[in-house]
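First comes the structure, then the notes that go with it.
For ligands, and for the atoms within them, numbers begin at 1 and follow the listed sequence. Values in this document were obtained by computation on a predicted structure and should not be read as measured data.
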Amino acid sequence: MAENQTFDELKTPGAVFFIFGATGDLARRKLFPAIYSLYREGKLAEDFAVIGVARRPRSPEEFREDVKASIREFSRYQAIDDNEWTGFVNHFEYKSLDINNIDGFRELREQTEGLEERFRIPGNRLFYLALAPELFGSVSFNLKAGGMLDGEGWSRLVIEKPFGYDLESAEKLNEQIRQVFQEEEIFRIDHYLGKEMVQNIEVIRFANAFFEPLWNKQHIANIQITLGETVGVEERGGYYDHAGALRDMAQNHMLQLLTMIAMEPPSRLLAEDIRDEKVKVLRSLRPYLTGEEVRKNVVRGQYTQGLFNGKTLPAYRQEDKVNPESMTETYFAARVFVDNFRWAGVPFYIRTGKRLPAKTTEVVVEFKRMPTNVYLGQKHNLEPNLLVIRVNPMEGIYVKINAKKPGSESDIQPLAMDFCQSCLIGINSPEAYERLLHDAARGDSTYFTRWDEVSSAWSFVDHIAKAWREDSSDLASYPAGTWGPVEAAELLEQDGFQWWPVNGQKESNVVWSVNND
Ligand SMILES: NC(=O)C1=CN([C@@H]2O[C@H](COP(=O)(O)OP(=O)(O)OC[C@H]3O[C@@H](n4cnc5c(N)ncnc54)[C@H](OP(=O)(O)O)[C@@H]3O)[C@@H](O)[C@H]2O)C=CC1
Ligand SMILES: O=C1O[C@H](COP(=O)(O)O)[C@@H](O)[C@H](O)[C@H]1O
């Protein structure tokens with residue numbers, strides 16, 4: 001590492017990046033802009049090349065135009081000057097092939113070797129599968145059979161979610177991939193792990209003397225994790241109607257966030273040590289084995305037509321490619337317990353949904369209340385302390401404490417010490433996909449999910465899915481544009497709690513240190 005260079009700033013080694021699914025939505029919205037950002041920030045080695053792969057025919061020029069259009073629309077770096085653009089896009093080529101046809105892979109090999117020679121790339125190959133999971137096994141097999149793994153450098157496979165539909169299908173998928181790639185060559189993406197504030201959880205917890213000692217059942221009353229979305233299912237109705245919120249968001253993003261919040265401090269900040277701690281959390285999740293336990297602790301809902309900001313939003317069953325009688329949940333909330341020494345008895349409330357009033361990802365840690373014998377009476381309405389970690393779209397943290405009202409004799413008022421990172425001028429946090437591509441190319445698997453994490457998460461989720469299959473009577477509804485079914489609020493009320501406001505909504509009785517409106 002050069003002097004003054006942080007690990008984060010290290011360039012990727014020279015490599016060819018293969019984007020399978022290069023004509024698809026993910027490549028267009030996330031992957032090409034991510035590669036461009038890495039290029040703009042000097043994090044990409046000069047000896048790199050990108051080969052887009054999909055069935056549709058594209059000339060190299062047409063493909064480069066697609067890439068340009070995607071960057072214009074979605075990149076956080078806007079200005080593209082002509083010289084710079086040519087320097088960048090010259091590294092891009094396209095190959096039309098059908099994943100199931102081995103001949104295409106042999107041609108791809110020749111094309112790859114040509115590019116490696118032209119750019120003096122040392123034989124490292126990163127295969128990013130932005131494809132439907134049914135194709136993962138065939139790609140792996142044909143990459144090997146077509147000689148694509150015989151390069152002189154490393155080969156890595158980056159796979160998108162969903163990783164299976166349940167534990168059984170995930171196991172099959174994993175077996176297929178493992179016939180070709182070693183576990184350390186497989187990078188399973190959960191893009192939430194690439195988000196700035198999700199990675200910050202580790203630092204907030206383990207680098208602050210006043211959080212970690214309190215981070216346990218003695219001091220924490222409950223933890224709330226919200227992943228809210230305003231969008232419906234957009235063009236992905238076909239996929240979503242099969243998956244639902246449980247498989248689309250809870251099995252992966254929500255449980256991963258929970259592991260970051262609940263894990264023990266790792267002995268070292270190395271990928272395997274961190275992932276060892278995360279998997280222990282997943283193994284400690286209390287399983288809901290019967291339908292009764294599921295109905296007591298889990299809420300599911302589907303949005304109906306609603307009015308939001310003066311606009312009528314369609315019901316889920318009216319969305320494109322969705323079964324008009326669909327019983328798929330677009331909302332999921334649960335009371336989850338991590339049955340280990342640190343967290344025994346502390347409820348984790350998790351919720352996610354489409355067509356909620358706000359796009360927001362937040363974690364609220366609610367501390368136990370102080371004894372009130374000193375501060376009795378109306379004026380001393382002590383609030384619980386909160387630590388709120390804002391992941392998205394606002395990035396930051398705030399801490400809610402009780403303090404004396406200035407000028408009064410002894411009135412107490414809650415105040416929030418608020419740090420809004422994304423409000424700071426000049427902060428333009430890298431997108432999750434930028435970080436993860438950068439990490440995968442450098443061989444850092446810390447923020448990718450290991451197989452035992454994926455399988456443990458499925459074990460937990462499968463019981464819920466089974467109970468739902470057997471009895472669908474608990475599917476609640478909520479109007480689009482609202483915070484989900486009332487049953488989700490009742491889940492907390494049963495325990496004497498409430499969902500705290502999220503997404504910058506401010507409780508009116510709280511004094512804020514800064515105004516981020
Ligand atoms: N879009 C998103 O925001 C997210 C997507 N994902 C996951 O990423 C993956 C890709 O999603 P997305 O981009 O939305 O999907 P799309 O349907 O938009 O794209 C699929 C891509 O696969 C290619 N493809 C399909 N069949 C073949 C084949 N037999 N041989 C070669 N190429 C093929 C298509 O190209 P062509 O038709 O030209 O062959 C297309 O480029 C999925 O697993 C999805 O679940 C995960 C998180 C978010
Ligand atoms: O993986 C997915 O995530 C998105 C939400 O991601 P975010 O980064 O915008 O919060 C979700 O819309 C999609 O359904 C799901 O597949």
Of all the non-hydrogen atoms in the protein, which one sits nearest to [atom], and at what distance?
atom                    : result
atom 11 (O) of ligand 1 : Leu26 CB, 4.3 Å
atom 21 (C) of ligand 1 : Gly21 CA, 3.6 Å
atom 7 (C) of ligand 1  : Lys161 O, 3.3 Å
atom 9 (O) of ligand 2  : Lys359 NZ, 2.9 Å
atom 14 (O) of ligand 2 : Asp248 OD2, 2.6 Å
atom 14 (O) of ligand 1 : Asp25 CB, 3.5 Å
atom 46 (C) of ligand 1 : Glu160 OE1, 3.2 Å

With a cutoff of 4.0 Å, is Ile189 in contact with ligand 1, counting heavy atoms of the residue only?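 Checking ligand 1 against Ile189, which is what was asked, there is no heavy-atom contact under 4.0 Å.
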May I ask you to check whether Phe32 and Phe63 place their ring centres under 6.0 Å from each other?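 Judged by ring-centre distance (under 6.0 Å), Phe63 and Phe32 do meet the cut-off.
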Does ligand 2 have a heavy atom under 4.0 Å from the side chain of Tyr192, from its backbone, from both, or from neither?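 Within the 4.0 Å criterion, Tyr192 contacts ligand 2 through side-chain atoms alone.
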Side chain or backbone of Leu227 under 4.0 Å from ligand 2, or both, or neither, by non-hydrogen atoms?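 None of Leu227 does.
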Give a yes or no on whether atom 43 (O) of ligand 1 lies under 4.0 Å from any heavy atom of the protein.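 When distances to the protein are checked, atom 43 (O) of ligand 1 has a heavy atom within 4.0 Å.
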Heavy-atom nearest option to [atom], drawn from [options]:
atom                    : options                : value
atom 3 (O) of ligand 2  : Glu229, Glu431, His191 : His191
atom 41 (O) of ligand 1 : Val53, Leu131, Thr23   : Thr23
atom 33 (C) of ligand 1 : Arg28, His191, Arg55   : Arg55

Given side chains that start at C-beta, do those of Glu234 and Tyr240 come closer than 4.5 Å, heavy atoms only?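 Not in contact.
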Cationic N near anionic O, under 4.0 Å, [X] to [Y]:
X      : Y      : value
Lys466 : Asp166 : no
Lys195 : Glu395 : no
Glu93  : Arg118 : yes

Tyr433 N/O to ligand 1 N/O under 3.5 Å: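 Among all N and O atoms of Tyr433, none is under 3.5 Å from an N or O of ligand 1.
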